[in-house]
Amino acid sequence: MHKPEPRFPPPIDLQGELLLNVFTHRSLRQDGGSGDNERYAALGEKVFEASVTYSLFTTYPALVGKDIEERRAALLTDHNYEQWTKYYRLRDKLRFHSDAYHQVQSPEGAREIFHAYIGGAYTQTNGPLVVNRWVEHLVVPPEDRPKPEEKVSSFYASQPPPPSYPYPVQPPPPPVPPPTLPQDKRFSARSRTSSFSSARNVAVPPDDPLGGRVPYTTSTTGKSIYLPRFNEITTQRRLHVEYPAEQKGLQHAPRWVVTCVGAYRTDTDALRRHSDSTFRHPVNGQQMGIGAATTKQLAKEEAAKQAFHALNFTMPPGY
C-alpha cells in the first residue's frame, strides 16, 4: 500500500552555536551583544521569499510575472506562517524575556521566528540548494511537483541548439607534462603520508532532511585547547556535560562524531545557592556542539570548542 507524502517536509536540524542564536529572541540581547535571531530573521525573510518565487517559477512554467506575485502573496499569509510555526514547534524552542510574550505570540512573532529558522538553515547548508528544495516541498502540493527527469528535460528543451561549424573543430593540443623537480625538492614518502592524513581529517557532513549531504568542516589541530578550559568552567558552573560518541566509516579509516550535550544539575545544595532561573537554562538537554575527526579525542575537542563559543565562554590571558 502506497503511503501518502507527509504534508510538510521534515525539519532541517540546526546545530551548535547556530541553534542557540536562532532560538534566542532579541529581548534577551545583552548590552553590545548580537547573540540572538534578529539578523537571521532579516536574512531568512529574503531567502524565503526568493525560494518561494523560485518554486513557483520552476513548477508552473505557464505563469507570468504577475501571476507568480499573486500566488506568492497567497502563500505568505499570517495563517500559513502560524501553521508552519506550530507544525515545527518553533515557539516551543524559543528563549525570550517574559515581557516579550505577547509579541512572540503575535502574527509578526510567527513570521520572525520562522524567518530566523530559514536564515539559520540557509547559513548552515551554505546556500540555497537545500533550502530551495525544502521550501518547494513546503509550499507546492505533491501532485504539482515535477519529477527530477521532467525538470532536466524542460531545462534542456529551453536551451538554444549548439552552433554548427562549417569546418571540423581542431582537437586541443596535448597537455604539457609537469616539470621534473630536483631530488632535494621532491616530497618524501613521509611528508606525503602526513599531508594525506591531514586531508582525511574532515567532518562527517550532516544529512539533508530530504536526502543528500550538507558539507561542513571541522578543526584538524591535534592540540586540546578548548576541552580542558571548557570542562573547567562547566564544573565551576555546575553544568553536567556528556560527550556521546559514534564511530563511522571503514575500520581502517574511521570517522568519529562526538556531540557535546549539557544540563544544569538540580541537586538540593545547588537549589539553595541559586535562583530557580538557573535551572531553566537553554542548554538543558540541548546539543551545544558537534565535532568530527579521524580520532575520538580530536572530535571531542571540536565539540567542546563549538560549545565553548555557543555559551560565550572566554579564555584567560595567556591560557
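If you read the sequence from its start, that first residue is 1, and numbering goes on from there.
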Looking only at side chains, do [X] and [Y] share a donor and an acceptor under 3.5 Å apart?
X: Asp36; Y: Thr24; answer: no
X: Ser27; Y: His25; answer: yes
X: Tyr243; Y: Asn231; answer: yes

To the nearest 0.5 angstrom, please state how far the [atom1] atom of [X] sits from the [atom2] atom of [Y].
X: Ile12; Y: Leu14; atom1: CD1; atom2: CG; answer: 7.5 Å
X: Glu38; Y: Leu43; atom1: CD; atom2: CG; answer: 13.0 Å
X: Thr314; Y: Ile233; atom1: OG1; atom2: CD1; answer: 6.0 Å
X: Glu302; Y: Ile290; atom1: CD; atom2: CD1; answer: 10.0 Å
X: Glu82; Y: Phe114; atom1: CD; atom2: CZ; answer: 12.0 Å
X: Leu28; Y: His97; atom1: CG; atom2: NE2; answer: 7.0 Å

- Message: Side-chain heavy atoms nearer than 4.5 Å, only ILVMFWY residues, links allowed to pass through others: does that put Leu129 and Phe57 together?
- Response: no
Any donor and acceptor pair, going by atom type alone, linking the side chain of [X] with main-chain N or O of [Y] inside 3.5 Å?
X: Tyr40; Y: Phe23; answer: no
X: Ser106; Y: Gln103; answer: yes
X: Gln124; Y: Gln15; answer: yes

- Do Glu232 and Arg229 sit within salt-bridge range, that is, some charged N less than 4.0 Å from a carboxylate O?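 The answer is yes: the pair qualifies as a salt bridge.
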With a 4.5 Å cut-off on side-chain heavy atoms, are [Y] and [X] touching?
X: Leu94; Y: Val104; answer: yes
X: Tyr88; Y: Leu138; answer: yes
X: Val47; Y: Val131; answer: yes
X: Gln297; Y: Leu227; answer: yes
X: Val22; Y: Leu18; answer: yes
X: Thr58; Y: Glu136; answer: yes

Could you tell me which non-hydrogen atom of [X] sits nearest to which non-hydrogen atom of [Y], and how far apart they are?
X: Asn80; Y: Leu75; result: ND2-O, 2.7 Å
X: Arg111; Y: Thr77; result: NH2-C, 3.6 Å
X: Asn37; Y: Arg26; result: OD1-N, 4.2 Å
X: Gly16; Y: Gln306; result: CA-OE1, 4.2 Å
X: Ile225; Y: Glu301; result: N-OE2, 3.0 Å
X: Pro141; Y: Val139; result: CD-O, 3.8 Å

- Are Phe48 and Trp134 near enough that their ring centres are under 6.0 Å apart?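 Ring centres of Trp134 and Phe48 not closer than 6.0 Å.
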- Message: Suppose we call two aromatic rings close when their centres sit under 6.0 Å apart. Are His115 and Tyr81 close by that rule?
- Response: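 Distance test on ring centres: under 6.0 Å, yes.
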- Task: Just say parallel, tilted or perpendicular for the rings of Phe230 and Phe313, cut-offs at 30° and 60°.
- Result: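 It falls in the tilted class, 30° to 60°.
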- Task: Give me the ring orientation class for Tyr101 and Phe96: parallel if the planes are under 30° apart, tilted from 30 to 60°, perpendicular past 60°.
- Result: tilted
- Message: Which residue is it: Leu56, Asn132, Ile118? I am looking for the one with a side-chain contact (heavy atoms from CB on, under 4.5 Å) to Ser51.
- Response: Asn132
- Item | side-chain contact (heavy atoms from CB on, under 4.5 Å) between Leu311 and Leu20, worked out | CA-CA 9 Å; Leu311 297 180; Leu20 293 177; 4.3 Å; yes
- Item | Stepwise side-chain contact (heavy atoms from CB on, under 4.5 Å) test for Lys248 and Trp256 | CA-CA 6 Å; Lys248 298 175 178 285; Trp256 282 94; over 6 Å; no
- Message: Does Lys296 have more than 12 heavy atoms from other residues, nucleotides or ligands lying within 6.0 Å of its NZ?
- Response: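 Count not over threshold, so no.
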- Can you list the residues that meet the side-chain contact (heavy atoms from CB on, under 4.5 Å) rule with Leu63, with sequence neighbours excluded? Tyr60, Asp67, Ile68, Arg71
- Item | Worked verdict on Val261 versus Val241 for side-chain contact (heavy atoms from CB on, under 4.5 Å) | CA-CA 6 Å; Val261 181; Val241 179; over 6 Å; no
